[in-house]
2 protein chains.
Amino acid sequence: MRPREFDHDDVLRIAFDQFWRKGVRGTSLSDIARDAGVQRGSLYNAFGSKEALFLLAYERYAGDYLVALQKALGAGSLRKRLTTFFDLTITNFRSGSPPRGCPTTRGLMELGAAEGEGLDEDARRAFANLVSRITALVEEALSAGAERGEFSGNPAAAALHIITVTRGLAVLERAFGDEPQLRKIAAHAIDLVLGKGVR
Amino acid sequence: MRPREFDHDDVLRIAFDQFWRKGVRGTSLSDIARDAGVQRGSLYNAFGSKEALFLLAYERYAGDYLVALQKALGAGSLRKRLTTFFDLTITNFRSGSPPRGCPTTRGLMELGAAEGEGLDEDARRAFANLVSRITALVEEALSAGAERGEFSGNPAAAALHIITVTRGLAVLERAFGDEPQLRKIAAHAIDLVLGKGVR
DNA sequence: GGCGTATTTGACACCATGTCAAAAACATGC
DNA sequence: GCATGTTTTTGACATGGTGTCAAATACGCC
């Protein structure tokens, strides 16, 4: 058989960069093909469709991101962990120039109907899956903190609250692009969940 | 001059319904034209572009929505006001079948770059404007509540926190579509901001 | 009733996704 | 070393989107 003339992973990396900057619907396969130095048809041959290509590229991003968060949430006092967690989250939203925002939140809001059909539904599942996994990590940290007396409350409810705040931050980032404001909101959220007293 | 053959407001209403259900990029002017019984060209003549049409339709929605929220935030105890506020917010996200989500949040995340050019920037301003106005309403309610001893804390910071949660709820709605969960998160947020004691 | 002006209409240019058949390039067996 | 077979590449095509334009049209107004 004839060997492929391009590197599978290179294309995924290049494609996700574009998807991140311009959104799925705002990125054309021609853009990606040009950037990757590949014929558009080859992309269809290799990946099937734009959505399938996006899904692969996104899974790669989600995996890397989850590992980074896991590290952030695994060391230090609970307050320290949450601070690092929010810091990483906001830094991720504000990375790139101009800042690229949160690809997961963007993807979720770009979906068609909530009960969509076909590949849209696969994408929704992928986005929701990352959100769920992050929630689980946060809840774990809170539970551990509770055992050490750093937190009193319902870990599951608090984790859900924190996740909701991170999704809200992703939205406010697009609305105002005011990074100091985002960080203030994050600090306030930590204070609310942990109690305002310094520990 | 020749009179217009369609009603300006009818088209805005029909258009926004589609934009809400399918997003700006997911809705074609052909769709709107068909639904409204108007030639596509007439829409371009009357509104200039899809984005301009969307902007007009959105302003109409935003105005109505703001009035409704104002009413929700203007009566009863602070806890009651916030409860009604979240209730209205979630009900709005979950309206329609299938539920249509939050048009403002969706619009914000659909934007190109944060420092976009042209009409994208106009749209961003419109979305951000609604968010700002809602924040102001919430802050007002909190300040009033503070004077009556129903709340102790920084009204501005708390309002920003609450707004962040509502934006996060809009995102989780798309991810999971779990309305009871959304309502639990909202109740938890109110407890956090107001203090968990029943009042 | 005719004129002017704004709206309507259909053709067009351009770019997007996705499909397909023909051409090309290597791996393999002989 | 060379023919064969399979996969990738390539370019043409169908379809549908946005946006522009000139010609046709229909009404208000004089």
Side-chain angles (χ1 to χ4, degrees), chain A residues 1-12 14-58 107 110-113 116-123, chain B residues 1-12 14-58 107 110-113 116-123:
Chain A
M1 35 175 155
R2 178 174 180 173
R4 196 168 278 155
E5 289 180 5
F6 60 90
D7 185 272
H8 217 272
D9 279 4
D10 281 355
V11 168
L12 288 185
I14 291 170
F16 192 71
D17 175 64
Q18 303 233 10
F19 286 136
W20 198 349
R21 284 190 284 114
K22 304 182 294 186
V24 177
R25 286 196 165 107
T27 300
S28 76
L29 278 198
S30 305
D31 293 341
I32 296 169
R34 190 175 349 96
D35 242 52
V38 171
Q39 266 329 86
R40 199 169 57 87
S42 297
L43 297 180
Y44 278 102
N45 176 260
F47 300 104
S49 71
K50 188 165 86 162
E51 309 246 1
L53 169 56
F54 170 75
L55 232 57
L56 281 178
Y58 178 76
E110 259 187 343
L111 297 171
E117 76 295 298
L119 273 173
D120 247 17
E121 178 57 20
D122 288 346
Chain B
M1 34 176 157
R2 179 173 179 173
R4 198 167 275 152
E5 289 182 3
F6 61 89
D7 185 273
H8 217 271
D9 280 2
D10 280 356
V11 168
L12 288 184
I14 290 169
F16 192 71
D17 176 65
Q18 303 233 8
F19 286 136
W20 197 350
R21 283 189 285 115
K22 302 183 295 185
V24 178
R25 283 194 166 107
T27 301
S28 77
L29 278 198
S30 304
D31 293 342
I32 296 169
R34 190 176 348 95
D35 241 51
V38 171
Q39 257 345 73
R40 200 170 56 87
S42 296
L43 297 180
Y44 278 102
N45 176 260
F47 301 104
S49 71
K50 187 166 86 162
E51 309 246 3
L53 168 57
F54 170 74
L55 230 56
L56 281 177
Y58 178 75
E110 259 187 342
L111 296 172
E117 75 297 298
L119 274 173
D120 247 19
E121 177 56 20
D122 288 347

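Basis for what follows: all heavy atoms, side chains included, without hydrogens, waters or symmetry-related copies. Quick note on labels: first sequence line is chain A, next is B, and so on, each numbered from 1.
For DNA chain D, the contact window with chain A, defined by any atom under 4.0 Å from a protein heavy atom, covers D:dG5 to D:dG11 in 5' to 3' order.
Going from atom CG of B:Leu43 over to atom CZ of B:Phe6 covers 6.0 Å, rounded to the nearest 0.5 Å. Note: B:Glu51 CD to B:Tyr58 OH = 14.0 Å, rounded to the nearest 0.5 Å. Put simply, CG on B:Asp9 and CD1 on B:Ile14 are 11.0 Å apart, with the number rounded to the nearest 0.5 Å. Taking CZ of B:Arg25 as the start and NZ of B:Lys50 as the end, the distance is 8.5 Å to the nearest 0.5 Å.
Heavy atoms of A:Phe47 sit nowhere under 4.0 angstrom from any nucleic acid atom.
For residues 38-47 of chain A, no residue pair satisfies the side chain to side chain donor-acceptor pair (under 3.5 Å) rule, not counting sequence neighbours.
Residues meeting the salt bridge (Lys or Arg N to Asp or Glu O under 4.0 Å) test with A:Arg2, sequence neighbours left out: A:Glu5. Not counting sequence neighbours, the partners of A:Asp10 by the salt bridge (Lys or Arg N to Asp or Glu O under 4.0 Å) test are A:Arg13. In this view, B:Phe19 and B:Phe54 satisfy the ring pair (Phe, Tyr, Trp, His ring centres under 6.0 Å) rule, not counting sequence neighbours. Not counting sequence neighbours, B:Asp7 has no partner by the salt bridge (Lys or Arg N to Asp or Glu O under 4.0 Å) test.
Rounded to an integer number of Å, the gap from CG of A:Asn45 to P of C:dT17 is 17 Å. Rounded to whole Å, atom C1' of C:dA16 lies 14 Å from atom CD of A:Glu51.
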Go along nucleotides 25-30 of chain C 5' to 3' and tag each nucleotide: B for a protein heavy atom under 4.0 Å from its base, S when only backbone or sugar atoms are that close, - otherwise. BBS---
Taking only distance into account, with no hydrogens and no angle test, what donor-acceptor pairs under 3.5 Å do side-chain atoms of residues 26-33 of chain A form with protein atoms, sequence neighbours excluded?
residue: A:Thr27; atom: OG1; partner: A:Gln18; partner atom: O; Å: 3.2
residue: A:Thr27; atom: OG1; partner: A:Gly23; partner atom: O; Å: 2.8
residue: A:Ser28; atom: OG; partner: A:Ser30; partner atom: N; Å: 3.3
residue: A:Ser28; atom: OG; partner: A:Asp31; partner atom: N; Å: 3.1
residue: A:Ser28; atom: OG; partner: A:Asp31; partner atom: OD1; Å: 3.3
residue: A:Ser28; atom: OG; partner: A:Asp31; partner atom: OD2; Å: 3.4
residue: A:Asp31; atom: OD1; partner: A:Arg34; partner atom: NH2; Å: 3.1
residue: A:Asp31; atom: OD2; partner: A:Lys22; partner atom: NZ; Å: 3.0
residue: A:Asp31; atom: OD2; partner: A:Ser28; partner atom: N; Å: 3.3

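If A:Ala46 and B:Gly48 are placed on DNA chain D by their nearest nucleotide, the residue sitting closer to the 5' end is A:Ala46.
Interface residues of residues 26-43 of chain B facing DNA chain D, ordered by number: B:Thr27, B:Ser28, B:Leu29, B:Ser30, B:Arg40; criterion, heavy-atom separation under 4.0 Å.
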